[in-house]
Protein chains: 2
Amino acid sequence: MLPTQMSEARAAAPAAQSPALEAGRQRQGRLWSNLKEVCDLLHIPAAFSMNADELLFQHVQFKTGQRVHTIGQPFDTLYIVNSGFLKTVLIDEFGNEQVLSFPMKGDMLGVDGIHSRHYSSEAVALSDCDLILLPFKKLTALGRVHVELEHMMYGVMSRELVREQAMIGMLGALSAEARVARFLVSLADRFAQMGYSSKLFNLRMTRHEIGSYLGLTLETVSRTLSAFNEIGLITVDQRTIGIKDAEALKTLRRLPPSRSRSKSPASRKAAAEAPAAAPPVQLVAAV
Amino acid sequence: MLPTQMSEARAAAPAAQSPALEAGRQRQGRLWSNLKEVCDLLHIPAAFSMNADELLFQHVQFKTGQRVHTIGQPFDTLYIVNSGFLKTVLIDEFGNEQVLSFPMKGDMLGVDGIHSRHYSSEAVALSDCDLILLPFKKLTALGRVHVELEHMMYGVMSRELVREQAMIGMLGALSAEARVARFLVSLADRFAQMGYSSKLFNLRMTRHEIGSYLGLTLETVSRTLSAFNEIGLITVDQRTIGIKDAEALKTLRRLPPSRSRSKSPASRKAAAEAPAAAPPVQLVAAV
DNA sequence: CGTTAGCTTGAGTCAATTCAACAGCTGTGG
DNA sequence: CCACAGCTGTTGAATTGACTCAAGCTAACG
């Protein structure tokens, strides 16, 4: 169904490639993480005055294509991605998937299930994954004892909300090119954050999934990537993307969206193109 | 700047019309609500074993056009809408507004500020409003004592997240007509939930704001409403909307989105139109 | 009573989609 | 081992939904 993990072995393919997980230890033949490791993963500054290894959280592994949770399934646990790549999707009345996010290391899954006590989305592994289980009841109970944990929860949920707001803003206001450009930039940022190269990486998802995520068709995504390639903003070879001009990608926009304050009609065409002030094709030592 | 409150006096105009607030009492010349009332507003079943009036939350009033909070402003309090209508917006680098939501009675504001400790959106009153202040620190402290309160917080944040996910799905997958149709239906539902007529109501926002919210131009919104009016799905008179065929609005969709599983190419055109199985214009006793 | 903001409607345009053909790669099975 | 089936990705051509531009109308306000 999904591509094999062959691509994992390719150059510059980050994550999920090594069975040596950064966080986690063996116990009873399984991997467990303590609170400190969980907080580190979430980028939450945790000033813990507690015995770290007192409470441990279990890991679970999922293979490519496996579902972590499905829509309507009773909610009882949150997940944190320790390694690997996933997608979360909504499924409409015709069975069409709408991709909501591409969770990776440090992201939390399952928050949408808290309210109705049932997951409202589906999470699918795009590569082999290692997730940390956070039983929700246990978590809230702990939150009452460890204030930092509670703050972590609020912080993560709020962060997720802000992320989705930005997504709504993007879908509502940006052109196809701008969406694809920002998608690439945000992916690059994520990779950088995880310690991988932000200049050369492999996409974990199909054009179809990217299109669904960005509210575009796969053809438009493909064409846009090709166009960026021709302009020299990126290099494309199947799922291997090289970022050549991150600045241009970041600032790429729609032609001034309608009733903008800019009175000059002449500035339009100019603003539509990438502000390639510097020579377009500037090779960057990748990997 | 914004329309006057004249429209409030019109027929079937809900909320903000009466100074008699359902929740709240006078104390020191101001309105306050207890925890029970707050929970009721949020539709959170609160089985409280506590002295209700022990902890009170202060109300604040905002006039039409006033800002509740602005982008970048330090975060310290959440708000619950007790009455009135608002919009929350993102503002891009050119000053263009992107509407994110239209909060009304029972909705919570400010959650996006928790993560970065600064509000990431701006909330503007579209009518005179009465909001309940929830100082965040106080709230989390209380949450540790009253478990229900903590659950309320998680529940509300999760609910908000699910709502935004649905929004993303809508923006990513639906046609202009379908978006407008669902917008009307969701408004009607909200009004019904608040005890107002779901068959006849006044929009609180301009076409421009609706367009921004739905990722469309104001012209498209206007045209679509006119079209629905002609088909007999609704009646339109400026901001007064009458819902005539809620079912048709609910099921109105885009022509099967591309690679859908449906093999039959013949079914396309049919599905594009509203499934008006029943005679199209079916008058409903309104108000 | 003129001004302004909001709404409607028309005409033309264009960005993104739909439809279609083809190429590359993988896994399968004869 | 090679042919074949399926998925993925690319590219072209034609179509169209939504946008832009523009004009005019209404209601509210100073």
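In this text, all values refer to a predicted model and were calculated from it rather than measured experimentally. The chains referred to below are lettered A, B, ... by the order of the sequence lines, with proteins before strands, and numbering in each begins at 1.
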Listed pairs, N/O of protein and of nucleotides 22-25 of chain D, under 3.5 Å:
none

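Nucleic acid contact class of B:Ser226 (heavy atoms, under 4.0 Å, all strands): sugar-phosphate only. The residue A:Gly215 sits close only to the backbone: its heavy atoms come under 4.0 Å of sugar-phosphate atoms, none of a base.
Remark: A:Val60 engages A:Phe62, A:Leu133 in a side-chain contact (heavy atoms from CB on, under 4.5 Å) (not counting sequence neighbours). Applying the salt bridge (charged side-chain N to carboxylate O under 4.0 Å, His left out) criterion to A:Arg163, with sequence neighbours excluded, gives A:Glu160. Remark: B:Thr235 pairs with no residue by the side-chain hydrogen bond (donor to acceptor under 3.5 Å, both in side chains) rule, at least two apart or across chains. Annotation: side-chain hydrogen bond (donor to acceptor under 3.5 Å, both in side chains) contacts of B:Ser101 (sequence neighbours excluded): B:Thr88. Not counting sequence neighbours, the partners of A:Glu122 by the salt bridge (charged side-chain N to carboxylate O under 4.0 Å, His left out) test are A:Arg67. By the side-chain hydrogen bond (donor to acceptor under 3.5 Å, both in side chains) test, A:Thr220 is found to be paired with A:Thr217, residues two or more places apart in sequence or in another chain being considered. A:Arg190 meets the side-chain hydrogen bond (donor to acceptor under 3.5 Å, both in side chains) test with A:Asp107, A:Gln193; sequence neighbours excluded.
Put simply, CD on A:Gln238 is 10 Å from P on C:dG24, counting in whole angstrom units. If you measure from atom NE2 of B:His208 to atom P of C:dT4, you get 19 Å, rounded to the nearest angstrom. Rounded to a whole Å, the CZ atom of A:Arg207 is 15 Å from the P atom of C:dT17. Rounded to whole angstrom, the span from the CD atom of B:Glu209 across to the P atom of C:dA5 amounts to 14 Å. At whole-Å resolution of the value, CG in A:Asp237 and P in C:dG24 are 12 Å apart. Atom CG of A:Leu218 is separated from atom P of C:dC19 by 13 Å (rounded to the nearest Å). Between the CD atom of B:Glu177 and the P atom of D:dC19 there is a distance of 11 Å, given to the nearest Å. For A:Ile210 and D:dG9, the CD1 to C1' distance is 11 Å, given to the nearest whole Å.
For D:dC19, one of the phosphate oxygens OP1 or OP2 lies less than 4.0 angstrom from a side-chain nitrogen or oxygen of B:Thr220. At the phosphate of D:dA18, neither OP1 nor OP2 sits under 4.0 Å from any side-chain N or O atom of B:Thr217. Here B:Arg239 does not reach the OP1 or OP2 of C:dG6: none of its side-chain N or O atoms lies under 4.0 Å away.
In this structure, the nucleotide among D:dG9, C:dA16, D:dA18 sitting nearest to the side chain of A:Leu216 is C:dA16.
If you take CG on B:Leu126 and CE on B:Met205, they are separated by 6.5 Å, rounding to the nearest 0.5 Å.
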Intra- and inter-strand pairing of DNA chain D, written as dot-bracket with Watson-Crick and G-U pairs under 3.5 Å and | for the latter, reads ||||||||||||||||||||||||||||||

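Between B:Gln165 and A:Ser121, the shortest heavy-atom distance links the atoms OE1-CB, 4.2 Å.
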